[in-house]
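Below you'll find the structure, written out as structure tokens, and then a few comments.
We use all heavy atoms of the structure for the numbers below, so side chains are in, but hydrogens, waters and symmetry mates are not. Whatever order the structure lists ligands and atoms in, that order sets their numbers, starting from 1.
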Amino acid sequence: MCGIVGYKGKDEACDILINALKKLEYRGYDSAGIAIWHNNKIAVGRKKGKVDDLRKVISNGNFKGTMGLAHTRWATHGEPSERNAHPHRVRDVVVVHNGIIENYIELKEKLRNEGHKFASDTDTEVIPHLIISHLDKGKDFIEAVRLTLKELHGSYAVGIMREKEQIMIAARKESPLIVGVGNKEFFIASDAPAVIDRTNRFIFLEDNDMAVFRDDEMFLMNTDGEKVERKIHTVNWTGAMAEKGGYRHFMLKEIFEQPRAISETLLGRFKEEKGQVDFEELALPDLKKVKKIWMVACGTSYHACMIGKHMFEANLRIPVETDIASEFRYRNPILSENDILILVSQSGETADTIAAMKEGKRNGVYTLSICNVLGSTLARDADGVIFTHAGPEIGVASTKAFTTQISVFFMLMLHMAKKLGKMDTDEIRDMIAEIKKIPHKIQTILDHISPLEELARRYMTCKDFLYIGRGIHYPTVMEGALKLKEISYIHAEAYAAGEMKHGPIALIDENLPVVVVSPRDQTYQKTCGNIEEVLARRGRLILFTDDPSHEMADRVDAVFTVPETIYELLPILCVVPLQLIAYYIANLLGTDVDQPRNLAKSVTVE
Ligand code: AGP
């Protein structure tokens with residue numbers, strides 16, 4: 001996810017753009033760039049690093065002008081570097097872009113055949129080349145941009161200028177971009193916070209909209225060339241609130257970003273007509289020779305591994321061993337060169353997980369990392385890497401990274417199942433259809449959160465919680481317990497529900513809330529037995545299920561129902577209310593939700 005800003009007005013653009021870009025740094029911060037138009041010349045400055053590093057580049061006074069674009073990057077294609085930073089310039093056209101151009105490889109080939117030379121590893125660079133290609137065929141600037149946008153598959157939010165004309169064009173498809181309407185000045189931005197100090201009047205562009213800023217005016221059209229009308233909204237946000245998009249905390253914002261985060265993680269992976277999931281960028285070993293798959297991580301990422309284990313063993317019938325990275329590296333694991341070692345890490349910088357990767361490499365094992373930060377150590381040094389496109393996760397408590405990690409495991413499982421002949425085309429198509437419904441199903445949950453806020457008020461004073469679940473929902477409740485303890489500081493323990501009689505049942509009384517995940521799956525009856533055991537000891541239960549007619553529903557304290565889906569994907573839907581309950585309790589207790597005491601976003605030391 002990147003941050004884009006643009007300005008066209010009466011004031012000097014440079015400082016306005018840099019200040020706005022600083023407020024978008026949470027969207028991405030591995031490189032930044034700016035382009036300022038003045039008297040038919042465009043000055044471009046780019047720098048690896050943060051916006052403050054870019055300031056040094058533009059301090060030479062060459063960036064005067066009242067129209068410009070700026071960009072802070074969160075790399076998806078092409079490692080963080082100056083050459084891959086935006087804006088991308090081709091001849092007199094400059095472009096900033098947020099999104100993923102799915103068909104950039106084909107477009108690059110076509111353009112190369114026309115004699116175009118590429119200077120970066122990014123998907124974005126095809127955009128200015130395409131515009132130039134249309135300009136060379138006699139199209140005017142606006143038409144050249146419109147035709148270019150029509151050729152792009154995937155997602156884009158773009159800002160475009162060219163030296164010959166004092167025109168700025170903005171457009172969006174599946175990536176956010178808004179227009180700020182000021183007093184004789186216009187803005188474009190990835191979200192309102194960036195420019196809220198200059199205007200609170202915004203047009204929220206819709207997919208395929210284009211905004212053209214020419215002279216002192218702006219007009220809207222779409223990529224079919226039709227005129228478009230959009231309402232100007234007034235947003236009542238403070239600057240501080242705005243950086244979080246109106247949410248009180250980054251964690252809450254990131255919980256609500258999960259539908260988009262999963263959609264972007266899925267983007268470009270499916271060839272449904274062939275029943276394929278595409279991970280062609282991986283040079284996986286011959287799967288038929290793989291005797292064991294290891295999944296190793298820390299914290300939330302470890303819980304994702306435990307869910308991945310259930311997916312892989314159920315469908316691939318290959319033994320999977322999961323381990324906490326800090327344990328794995330000290331137990332001299334028995335690795336064979338035909339094993340695959342999967343390392344999961346949001347930050348890509350967790351010391352124990354990096355050490356686990358090195359252990360695997362020392363033993364000649366194929367290492368595959370699942371990361372959320374391009375250019376991170378695990379992303380760079382593993383033999384293969386799959387990125388979760390969750391966008392930067394600022395809240396210390398991991399939320400959207402977790403659900404996108406599970407999504408990656410699911411897609412990787414389908415990819416391997418195809419290669420191993422464990423699933424036929426129809427089965428894979430059905431599975432693809434299921435995961436594509438998940439973002440909407442999460443949104444359904446997010447649209448009905450008031451019962452969870454009520455639950456938080458009822459249980460916020462409790463000093464201990466027990467979380468129980470079976471099968472794939474044991475790691476689900478482990479994740480729910482971790483969320484609660486790390487942001488509210490309330491003790492919360494997760495247990496496999498079948499273990500109740502082996503000790504934890506001694507804890508049960510009317511003071512101990514028991515959170516139970518009990519979907520209508522193969523362990524349903526057994527978990528109902530656990531619920532009976534808790535009720536028999538005056539325990540208080542909060543039930544999460546996909547079954548609106550759960551036989552225990554009218555005997556427990558509270559029930560929260562999530563939409564149905566297949567076994568492998570239900571953890572994604574069940575964890576969302578668990579994340580929210582933890583958030584609302586912590587928020588009521590007034591803890592520092594985004595930066596809880598004693599914690600860090602990335603544990604880069606042992
Ligand atoms: C999760 O909410 C915690 N912040 C923590 O357990 C985290 O998952 C763990 O430190 C692993 O981090 P990583 O995914 O960046 O490797």
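Counting atoms of ligand 1 from 1 in the listed order, those under 4.0 Å from a heavy atom of Ser398 are 1 (C), 2 (O). Per-residue contacts place Ser345 under 4.0 angstrom from the following atoms of ligand 1 (heavy atoms of the residue considered): 13 (P), 14 (O), 15 (O), 16 (O). Atoms of ligand 1 found under 4.0 Å from any heavy atom of Ala397, numbered from 1 in the order shown, are 2 (O). The atoms of ligand 1 that sit less than 4.0 Å from any heavy atom of Lys483 are 1 (C), 2 (O). Applying the 4.0 Å criterion to heavy atoms of Thr300 picks out, from ligand 1, the atoms 1 (C), 2 (O), 6 (O), 8 (O).
In terms of polar-atom proximity, Gln405 is not counted as a contact of ligand 1, lacking any N or O under 3.5 Å from an N or O of the ligand.
Between atom CG of residue Leu24 and atom OG of residue Ser190 there is a gap of 5.0 Å, rounded to the nearest 0.5 Å. Note that the CD1 atom of Ile101 and the OG1 atom of Thr122 stand 9.5 Å from one another [nearest 0.5 Å].
Under a 4.0 Å heavy-atom criterion, Glu349 is not in contact with ligand 1.
Comment: Asp30 does not engage Lys50 in a salt bridge, judged by the lack of any side-chain N to carboxylate O separation of less than 4.0 angstrom.
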#### Entry: Residue pair His97, Tyr156: steps toward the ring-ring contact (aromatic ring centres under 6.0 Å, His included) verdict
CA-CA 6 Å; His97 167 235; Tyr156 61 74; 7.2 Å; no

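The protein heavy-atom contact nearest to atom 2 (O) of ligand 1 is Glu486 OE2, 2.4 Å.
Here the closest heavy-atom approach between residue Val277 and residue His415 is recorded as O-ND1, 2.7 Å.
With hydrogens and angles left out, the side-chain atoms of Glu254 and Thr399 include no donor and acceptor closer than 3.5 Å.
Contact annotation for Thr350 and ligand 1: only side-chain heavy atoms (C-beta onward) come within less than 4.0 Å of the ligand.
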